[in-house]
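Worksheet: the structure to be examined is printed underneath.
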Number of protein chains: 2
Amino acid sequence: MWSDGPVPPQRRDLRDPRGPAVARGRGARGGRAGAPRERRRASHSLESVLAETVALLDEAGEAGLNFRALAGRLGGGVGSIYWYVSSRDELLDRAADHVLGSVLDAVAPVGASEAGDPVDDLRTIAVTLFDAIVDRPWLGAYFMRNTEVQPNSLRLFEKLGQQVLRLELTPRQRFHAVSAVVGFVVGTAADMGQQPPEAVLSGEVGRDDYLAAAVDQWRALDAAQFPFVHHIADEFAAHDDADQFRAGLDLLLAGLRLQAGG
Amino acid sequence: MWSDGPVPPQRRDLRDPRGPAVARGRGARGGRAGAPRERRRASHSLESVLAETVALLDEAGEAGLNFRALAGRLGGGVGSIYWYVSSRDELLDRAADHVLGSVLDAVAPVGASEAGDPVDDLRTIAVTLFDAIVDRPWLGAYFMRNTEVQPNSLRLFEKLGQQVLRLELTPRQRFHAVSAVVGFVVGTAADMGQQPPEAVLSGEVGRDDYLAAAVDQWRALDAAQFPFVHHIADEFAAHDDADQFRAGLDLLLAGLRLQAGG
DNA sequence: ACCTGAACACCGTTCAAGT
DNA sequence: ACCTGAACACCGTTCAAGT
């Protein structure tokens, strides 16, 4: 799992350690009196850049996030974004972590009571994270990629781990358990969040019709060669993503419970 | 799981149903005798396009796959690739399925004996798929995205399902079980296959040193706020990706075994 | 210290022309 | 039926110049 570690110092592109200045509104109006239609100088902050990035991502998806569109929304030039992040990838890393702040807030109460069941608490956190990624499919690919610019990712990893700490396991088993949960949640959510085909997106074809059409093709396959596909065709046609995710998570957690001795 | 279904007919970009012509070598030399340095006309086939795509992907990664480089390797122009696929995405879909052929061959004997344990057989297939994705990280994102152009994806899904068919479960449970295994395998493998930082790739810093540097930063965190991170720091520093994957898979399979009643 | 925007290098895709 | 390659639209990134 390469993505789990903070990046070593030599990779970090060091900038002003104090970070960018606080936003000062929209900047003072420039030029002497009477100078016509002078564009005023825009002023940003990491906060506003990330907020606008997330908004654009929510509206247009990852493919719709580009520096020109983002600069337009921020009311400035493309170049200024590079003052706050050193690449599009880092922008996505930071945007992902930005959004994870809400997830962290949502799960803050979880695990507070020592009396609660650790595995149930683990499940609650996992489900919350899952929901967040389904809502924003781009999140999956950037979760915990670089813990140095993603403190919230690390805190969430820690939070999951703290529940497992209450189980009787070896450190190695605990590490594997949390990694497995994260892998399952992120992998499944990313898969489910994949762009449905154009016809569905545009509302031209409903999701149910889409699934039905897919299943019809499955049913047309040779039953002797594809017994399983035929066996689950009805289930697939009627399935709910969230149910499917939870069923898998419960399998994983049942195995964990067993390992922890009941 | 949008990606599980074949695409409905209306999305399919219908071409000659007989498919592209078989490769005819490198094409006849063109032009009348004596015409100097006339470039001969290249001739491809879906097979050769996919083989060259996979080769390029293996050498340069997904970021290195572009139409100009691919056309160069094929000895032709960019446009001709569009005779065989209608977009870069479809090229990746087909390339992924092309590679899955070997995975399918590798697991052909699995499950042949009714006497074998179905869960063990399921694990064997899962591990084989995992290894293939770790080797080619781009595979993960394109696995079972469009079963209409990915027959091998569907066959692999079927193969996993056939093992689960031997377990005493409801169709719904079987559907969920296979989906969970696929989600876990693909998600974990894709995560682990993520590009390590430049310094590691170039051999400038070894993987162990990289992990050690990451872990050092974890150890510098406040122990009261990050008890779990401290708890597993040693494990993380020494971990092996394949072990980690198998431990998680075994948790999932243990849960499945339990559900199947032993 | 921070912003601007033209310029560069590169890329997927199209299409009129060719064979 | 299949291939060619110039052209188009678009994109991340850089950087000299500005404030």
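Every chain is numbered from 1, with letters handed out A, B, ... down the list of sequences.
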List, with names and distances, any nitrogen or oxygen atoms from the protein found under 3.5 Å away from nitrogen or oxygen atoms belonging to nucleotides 14-16 of chain D.
none

Please name all residues satisfying ring pair (Phe, Tyr, Trp, His ring centres under 6.0 Å) with F184(A), sequence neighbours left out, ordered by chain then number.
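Residues passing ring pair (Phe, Tyr, Trp, His ring centres under 6.0 Å) with F184(A): F245(A).
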Under the ring pair (Phe, Tyr, Trp, His ring centres under 6.0 Å) test, residues paired with F226(A) that sit two or more places apart
none
DNA chain C-proximal residues of residues 58-66 of chain A, any heavy atom under 4.0 Å
none
Partner set under salt bridge (charged side-chain N to carboxylate O under 4.0 Å, His left out) for D216(B), not counting sequence neighbours
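Checked D216(B) against salt bridge (charged side-chain N to carboxylate O under 4.0 Å, His left out); matches are R219(B).
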Restricting to side chain to side chain contact (heavy atoms under 4.5 Å, CB included), what partner residues turn up for [X], sequence neighbours left out?
| X | value |
| --- | --- |
| V186(A) | I133(A), F143(A), V182(A) |
| A237(A) | V215(A) |
| A106(A) | T128(A) |
| S87(A) | D89(A), E90(A) |

Intra- and inter-strand pairs of DNA chain D in dot-bracket (Watson-Crick or G-U wobble, both distances under 3.5 Å; | for another strand):
||.|||||...|||||.||
Looking at dA7(D), dT4(C), dA1(C), which one has an atom nearest to any side-chain atom of W83(A)?
dA1(C)
With salt bridge (Lys or Arg N to Asp or Glu O under 4.0 Å) as the rule and sequence neighbours excluded, what pairs involving residues 53-70 of chain A come up?
D58(A)-R136(A), E59(A)-R73(A), E62(A)-R88(A)
For S153(B), enumerate each residue passing the side-chain hydrogen bond (donor to acceptor under 3.5 Å, both in side chains) test, keeping only those at least two apart in sequence or located in another chain.
D97(B)
